[in-house]
**Q** 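Pasting in a structure now, in structure tokens, and then I'll have a few things to ask.
What you see below is based on every heavy atom in this structure, not just the backbone, and it leaves out hydrogens, waters and symmetry mates.
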Amino acid sequence: MVFRFGFRLLGDSEQAMDLSQEVFLKLYATVSGGPEILEIRSWLFRTAANLSYDWLRRKHRYSQLLRIDVDVSYAPQDVEGEFIRTEDGRAVRASLDRLTPRDRLLLTLYAEGLSYKEIAGVMGLRETSVGKLVSRAVQRLSREFKEGG
């Protein structure tokens, strides 16, 4: 669940594996001496989202400095990996990459099947505003997809 979320949000299987590892290390540290976790699913997604935000901010900064395309020869043998490699998948991924991290996170949480209440808990939003925010993010994704060809 955490890997799939990271892969959808970050678009990179190795980063998603690193994210998963870091999330579960934080879970272990919390369970070993931190406060009690009441809703584990929300906690996992919130922690993964926060770590992903950090990674996306760093990626944005470094990509502006380097501007280098790297060809990666390793590709995961899974359904989502196959989808990303398709032409439509690449177009959707490129459209997602042009969205703000907040919109990407909203859409990824929604695609993961989280309820509005869970999304609100992960992102620190009011539950009543989640539907409208998801709708607007979908509209922006659609616009980016159309503009990207």
Side-chain angles (χ1 to χ4, degrees), residues 1-30 37 39-127 129-148:
M1 174 182 79
V2 173
F3 172 81
R4 185 178 60 233
F5 170 76
F7 184 74
R8 285 181 174 172
L9 184 62
L10 302 172
D12 182 281
S13 61
E14 288 189 35
Q15 282 295 327
M17 283 188 267
D18 290 345
L19 173 71
S20 299
Q21 181 177 356
E22 195 166 340
V23 166
F24 285 101
L25 285 172
K26 285 185 178 287
L27 176 63
Y28 177 77
T30 300
I37 300 172
E39 293 188 30
I40 189 72
R41 181 177 156 110
S42 292
W43 187 94
L44 289 170
F45 277 110
R46 185 174 44 256
T47 303
N50 289 338
L51 293 170
S52 296
Y53 265 146
D54 293 344
W55 188 82
L56 289 170
R57 280 191 291 267
R58 283 192 306 269
K59 178 182 174 185
H60 180 71
R61 271 186 254 140
Y62 292 132
S63 69
Q64 288 179 340
L65 293 173
L66 297 177
R67 302 278 187 215
I68 297 174
D69 275 340
V70 178
D71 182 28
V72 179
S73 60
Y74 170 76
Q77 298 300 318
D78 63 347
V79 174
E80 289 163 340
E82 288 294 320
F83 174 74
I84 293 296
R85 284 189 296 279
T86 66
E87 187 172 324
D88 286 342
R90 284 190 296 272
V92 169
R93 179 84 249 160
S95 299
L96 277 170
D97 287 345
R98 288 190 298 271
L99 294 178
T100 65
R102 179 181 173 175
D103 282 351
R104 288 171 68 175
L105 179 57
L106 272 168
L107 293 174
T108 304
L109 291 169
Y110 185 73
E112 283 294 317
L114 272 71
S115 68
Y116 285 178
K117 181 179 181 179
E118 290 173 315
I119 293 172
V122 169
M123 296 190 65
L125 302 169
R126 289 190 325 256
E127 183 179 350
S129 64
V130 171
K132 189 66 170 174
L133 293 171
V134 168
S135 176
R136 288 177 183 164
V138 168
Q139 290 172 352
R140 284 189 283 272
L141 177 63
S142 177
R143 188 172 45 248
E144 287 294 336
F145 186 77
K146 288 175 185 172
E147 290 174 4

**Q** Any carboxylate oxygen within less than 4.0 angstrom of a Lys/Arg side-chain nitrogen, looking at Asp103 and Arg136?
**A** no
**Q** Examine distances only and state if a side-chain atom of Arg140 and a backbone atom of Leu99 form a donor-acceptor pair shorter than 3.5 Å.
**A**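 No.
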**Q** Measuring from atom OG of Ser129 to atom CE of Met123, what distance do you get when rounded to the nearest 0.5 angstrom?
**A** 9.5 Å
**Q** Kindly compute the distance separating CG (Leu133) from OH (Tyr110), expressed to the nearest 0.5 Å.
**A**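 Going from the CG atom of Leu133 to the OH atom of Tyr110 covers 13.0 Å.
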**Q** Test side chain to side chain contact (heavy atoms under 4.5 Å, CB included) on Leu27 and Thr47 and set out the steps.
**A** CA-CA 9 Å; Leu27 176 63; Thr47 303; over 6 Å; no
**Q** May I ask you to say whether Arg98 pairs ionically with Glu144, meaning some side-chain N is under 4.0 Å from a carboxylate O?
**A**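 Salt bridge: yes.
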**Q** Is Met17 close to Gln21 at the side-chain level, that is, under 4.5 Å between some pair of heavy atoms?
**A** no
**Q** Check Ser42 against Val122 and note the closest heavy-atom contact, atom names and distance.
**A** O-CG2, 3.7 Å
**Q** Please name the pair of heavy atoms, one in Ala120 and one in Arg126, separated by the smallest distance, quoted to 0.1 Å.
**A** CB-C, 4.0 Å
**Q** Enter the distance from Arg8:CZ to Leu109:CG here, rounded to the nearest 0.5 Å.
**A**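 The distance works out to 11.0 Å.
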**Q** Ser142 side chain to Val138 main-chain N or O, any donor-acceptor pair under 3.5 Å?
**A** no
**Q** Can you see which heavy atom on Val2 is nearest to which on Ala48, and at what distance?
**A** CG1-CB, 4.4 Å
**Q** Once you round to the nearest 0.5 Å, how far does CG of Leu51 lie from CZ of Arg46?
**A**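 Between atom CG of Leu51 and atom CZ of Arg46 there are 12.0 Å.
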**Q** Just verifying a value: how many Å separate Glu112 CD and Arg4 CZ, rounded to the nearest 0.5 Å?
**A** 4.0 Å
**Q** Report the residue from Thr108, Ile119, Val130 that forms a side chain to side chain contact (heavy atoms under 4.5 Å, CB included) with Leu114.
**A**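 Running side chain to side chain contact (heavy atoms under 4.5 Å, CB included) over Thr108, Ile119, Val130 with Leu114 returns exactly one hit, Ile119.
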**Q** Using atom types as modelled and distance alone, determine if a side-chain donor or acceptor of Ser135 lies under 3.5 Å from a backbone N or O of Gly131.
**A**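 Answer holds: no.
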**Q** What distance do Ser13 atom OG and Leu19 atom CG have between them, rounded to the nearest 0.5 Å?
**A** 12.5 Å
**Q** Identify the two heavy atoms, one from Ala16 and one from Gly6, that lie closest to each other, and give their separation to 0.1 Å.
**A** CB-C, 3.7 Å
**Q** Would you call the rings of Phe5 and Phe45 parallel, tilted or perpendicular, taking 30° and 60° as the class edges?
**A** perpendicular
**Q** Got Ile40 and Leu44 here, is their nearest side-chain heavy-atom distance under 4.5 Å?
**A** yes
**Q** Please assess Asp97 against Arg104 for the test side chain to side chain contact (heavy atoms under 4.5 Å, CB included), listing each intermediate value before the final yes or no.
**A** CA-CA 8 Å; Asp97 287 345; Arg104 288 171 68 175; 3.4 Å; yes
**Q** If we only count heavy atoms from C-beta on, is the Tyr53 to Leu105 side-chain gap below 4.5 Å?
**A** yes
